[in-house]
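No hydrogens, no waters, no symmetry mates; every other heavy atom, side chains included, goes into these values.
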Amino acid sequence: MSGRDLQRSALDPSPSPEERAALAQWCDRAERLPPVERAALRLHLEGYSIGEIARGLATSRATAWKRLHAGQERLKRTEGRHATAMGGQRRDGRA
C-alpha cells in the first residue's frame, strides 16, 4: 500500500465491506432484543451515561444498568451461536 493509499484510508471513515457486513449482522441480532434492552444499548452506544440512560428510560440507575448488561450478555450469547453456526469458533475458543 502506497503512502497516498495510507493517507486516503486514514482520512476515509467509511467502513470496509467486511465491517459493513459485521455491523449488519450485529444490528440484525440487536433488533431481536427486547425493546428495553435494545433502547439501553442504543443510548449507551450513543455515549450516554448510566444516569442519562436511566432518565431516558424513566427508570432507576440500577434498572438501567441491568437492562444494559442483559442486552450485552444476550448479544454475546447470540454472537457465539452465530459464529458456531457459520463454522467459526466462539470467543472462548470452544467450537
Side-chain angles (χ1 to χ4, degrees):
M1 187 178 280
S2 73
R4 173 172 258 149
D5 291 337
L6 286 174
Q7 278 184 323
R8 191 175 312 137
S9 66
L11 296 175
D12 183 10
S14 304
S16 70
E18 294 83 16
E19 290 171 325
R20 283 194 299 273
L23 180 59
Q25 290 174 352
W26 186 90
C27 288
D28 183 49
R29 290 192 314 271
E31 284 299 315
R32 297 178 189 160
L33 291 174
V36 293
E37 292 176 10
R38 186 172 57 242
L41 274 170
R42 182 182 51 80
L43 291 170
H44 176 69
L45 290 173
E46 290 176 6
Y48 289 97
S49 69
I50 289 294
E52 292 167 326
I53 293 170
R55 282 191 294 281
L57 299 178
T59 190
S60 71
R61 291 172 55 96
T63 300
W65 186 89
K66 287 177 187 176
R67 289 175 177 170
L68 175 60
H69 184 69
Q72 290 169 333
E73 289 302 311
R74 196 180 307 258
L75 280 177
K76 287 178 189 175
R77 286 193 305 272
T78 61
E79 180 180 350
R81 284 196 301 268
H82 178 73
T84 302
M86 298 299 290
Q89 285 200 342
R90 296 168 23 150
R91 286 184 173 200
D92 58 11
R94 296 184 299 186

| field | NZ on Lys66 to OG on Ser60, rounded to 0.5 Å | value |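 Between atom OG of Ser60 and atom NZ of Lys66 there are 7.5 Å.
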
| message | So, taking the atom named CD in Gln72 and the one named CZ in Arg74, what distance separates them when rounded to the nearest 0.5 Å? | response |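 These two atoms lie 12.5 Å from each other.
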
| field | salt bridge (Lys or Arg N to Asp or Glu O under 4.0 Å) pairs, two or more places apart, involving residues 42-64 | value | Arg42-Glu46

| query | Going through the checks in order, is the side chain to side chain contact (heavy atoms under 4.5 Å, CB included) test met by Thr63 and Leu57? | reply | CA-CA 9 Å; Thr63 300; Leu57 299 178; over 6 Å; no

| said: List the residues meeting salt bridge (charged side-chain N to carboxylate O under 4.0 Å, His left out) with Glu73, not counting sequence neighbours, and say none if there are none. | reply: Lys76

| message | Can a donor-acceptor pair be found, under 3.5 Å and without considering hydrogens, that links the side chain of Arg38 to the backbone of Leu33? | response |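 Checking the backbone N and O of Leu33 against the side chain of Arg38, a donor-acceptor pair under 3.5 Å is found.
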
| message | Are Trp65 and Val36 connected into the same hydrophobic cluster when the rule is that any two of I, L, V, M, F, W, Y join if their side-chain heavy atoms are below 4.5 Å apart? | response |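 Val36 and Trp65: separate clusters.
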
| remark: Taking every heavy atom of Ala40 against every heavy atom of Ala64, the minimum-distance pair comes out as CB-O, 4.4 Å

| request: Check side chain to side chain donor-acceptor pair (under 3.5 Å) between Thr59 and all other residues, then give those that pass, not counting sequence neighbours. | output: none

